[in-house]
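Scroll down for the structure; my scribbles are underneath it.
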Amino acid sequence: MTRAGRIGVSVALLLASSVTIVPLLYMITLSLQTEAETLAGEPVLLPESPQWGNYATLFQEAPFGNFIINSLVVAGGITLAHLLFDPLIGYVFAKFDFPLRNTLFVAILATLMIPLFVRMIPLYVMMSNLGWLNSYQALILPFLMDGFGIFLMRQFIQPIPNDLLDAGRVDGASEFAVYWRIVLPQTKPALAVLGLFTFVFQWNEFLWPLVATTTEDMRTIPVGLTLFNQEHFTLWHLTAAGSVIMFVPTALILILSQRYFVRGIALTGLK
């Protein structure tokens, strides 16, 4: 590629990045403004005196500590369940022959075409009959595994040579030991992708926590932040502060798992 071409690509990437980065930077700036600045006619790009106390005020106005803990428990619990169950089921579909294997796998994939709002009423009735509404059970148990994770792990495990697994069995390893000690260590990039996607999706999930919870102490941060904004619709600086707090955990997880995430995306594409 010529120098002019490289410059053109760099400029295009810079412009595309700014579309994502500029709103994020403005959200951070907005969280440090006073209420008067947020209600001014023109947007304030840099506040004269950053109001770091907005974050403390936010926790005084609403129980955001509870919201964050609930989100961490729900998103973290569902993510751990996916990392436990999805690779195991994917391994079974990738390396074992059993009746109706392909039919069952297609049925699992078909669940990806059923949106949550279609399943929401049966799930709500089920949780209500079990007496689990407004509890962690209702928020976590319906989402312990999903078709995307099973599909991703099956596709990643399938190319692992069967001879490698047979060698472990010949050495006396149990079937679970073959999975745990041979298969699972080779799927770290795929596990990083699965864990990141699952955590981010569940951390930002709004509809089901809104339906399944009835008290303020069980709300997750997306629900709590939305209801807070409805009650204090002029306090945009505090809403922005809550959005920044909501953004931080997912950004940290992405930074910490970036190496595995990029490798997992590349290898999944190659396979």
Side-chain angles (χ1 to χ4, degrees), residues 74-130 132 137-202 205 207-208 211-212 260-261 263-271:
V74 173
I78 293 175
T79 301
L80 289 176
H82 279 225
L83 294 177
L84 177 64
F85 294 122
D86 290 353
L88 189 58
I89 299 172
Y91 171 62
V92 171
F93 277 107
K95 295 300 181 182
F96 288 87
D97 254 335
F98 53 90
L100 301 177
R101 183 183 71 169
N102 293 333
T103 302
L104 290 174
F105 186 65
V106 170
I108 289 174
L109 293 182
T111 61
L112 296 174
M113 295 182 286
I114 304 175
L116 176 62
F117 63 82
V118 174
R119 296 177 287 139
M120 191 167 57
I121 294 177
L123 281 176
Y124 182 87
V125 173
M126 185 184 301
M127 295 298 108
S128 178
N129 291 338
L130 291 171
W132 286 354
Q137 299 96 299
L139 294 173
I140 295 175
L141 292 182
F143 308 101
L144 292 181
M145 61 190 78
D146 72 353
F148 168 75
I150 294 171
F151 170 76
L152 175 68
M153 297 310 302
R154 175 187 177 272
Q155 297 304 106
F156 206 92
I157 293 172
Q158 205 166 30
I160 297 176
N162 291 329
D163 292 341
L164 184 63
L165 310 185
D166 292 336
R169 297 185 183 105
V170 170
D171 287 342
S174 65
E175 199 59 53
F176 184 77
V178 169
Y179 163 75
W180 189 261
R181 297 181 180 178
I182 299 176
V183 175
L184 208 57
Q186 299 186 60
T187 63
K188 288 180 180 178
L191 290 174
V193 174
L194 176 61
L196 181 63
F197 280 3
T198 303
F199 185 87
V200 171
F201 181 82
Q202 295 299 332
E205 177 61 32
L207 184 58
W208 177 246
V211 172
Y260 290 115
F261 177 72
R263 185 181 171 201
I265 291 293
L267 293 178
T268 303
L270 290 174
K271 291 179 180 183

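Within the 4.5 Å cutoff, the side chain of K95 has no heavy atoms near those of the V183 side chain. In this structure, the side chains of F156 and V193 stay at 4.5 Å or more apart for every pair of heavy atoms. Residues V92 and I89 have side chains not in contact (no heavy-atom distance under 4.5 Å, counting atoms from C-beta outward).
Residues L164 and Q186 share a closest heavy-atom pair of CD2-NE2, 3.2 Å. Nearest heavy-atom pair across P87 and L184 is CB-CD1, 3.9 Å. In this structure, L123 and P142 approach most closely via the heavy-atom pair CD2-CB, 3.8 Å. The heavy-atom pair separating L83 from L191 by the smallest distance is CD2-O, 3.5 Å. Nearest heavy-atom pair, D86 versus M153, reported as atom, atom and distance to 0.1 Å: O-CB, 3.9 Å. When all heavy atoms are compared, the tightest approach of G90 to I157 is C-CD1, 4.3 Å.
Judged purely by atom type and a 3.5 angstrom limit, T111 uses its side chain to pair as donor or acceptor with the backbone of I108. At distances below 3.5 Å, at least one donor-acceptor pair connects side-chain atoms of W208 with backbone N or O atoms of A138. At distances below 3.5 Å, not a single donor-acceptor pair connects side-chain atoms of T187 with backbone N or O atoms of A190. Counting only distance, with no hydrogens or angles, the side chain of H82 and the backbone of F143 share a donor-acceptor pair below 3.5 Å.
Considering only residues two or more places apart in sequence or on other chains, E175 meets the side-chain hydrogen bond (donor to acceptor under 3.5 Å, both in side chains) condition with Y91, R169.
Of the residues listed (L139, V200, L116), the one engaging E205 in a side chain to side chain contact (heavy atoms under 4.5 Å, CB included) is L116, and it is the only one.
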For this session: Evaluate side-chain contact (heavy atoms from CB on, under 4.5 Å) for L104 paired with F93, printing each intermediate quantity in order.
Result: CA-CA 9 Å; L104 290 174; F93 277 107; 4.0 Å; yes
For this session: I would like to know whether N129 and V125 meet side-chain contact (heavy atoms from CB on, under 4.5 Å); could you show each step before the answer?
Result: CA-CA 6 Å; N129 291 338; V125 173; 3.6 Å; yes
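M120 CE to F117 CZ: the interatomic distance, rounded to the nearest 0.5 Å, is 8.5 Å. Atom CZ of F148 sits about 7.5 Å away from atom OG1 of T198, to the nearest 0.5 Å.
Among residue pairs with one or both ends in residues 144-163, none qualify as salt bridge (charged side-chain N to carboxylate O under 4.0 Å, His left out); sequence neighbours excluded.
Using bins of under 30°, 30° to 60° and over 60° for the plane-to-plane angle, the ring pair Y179/F176 lands in the tilted bin.
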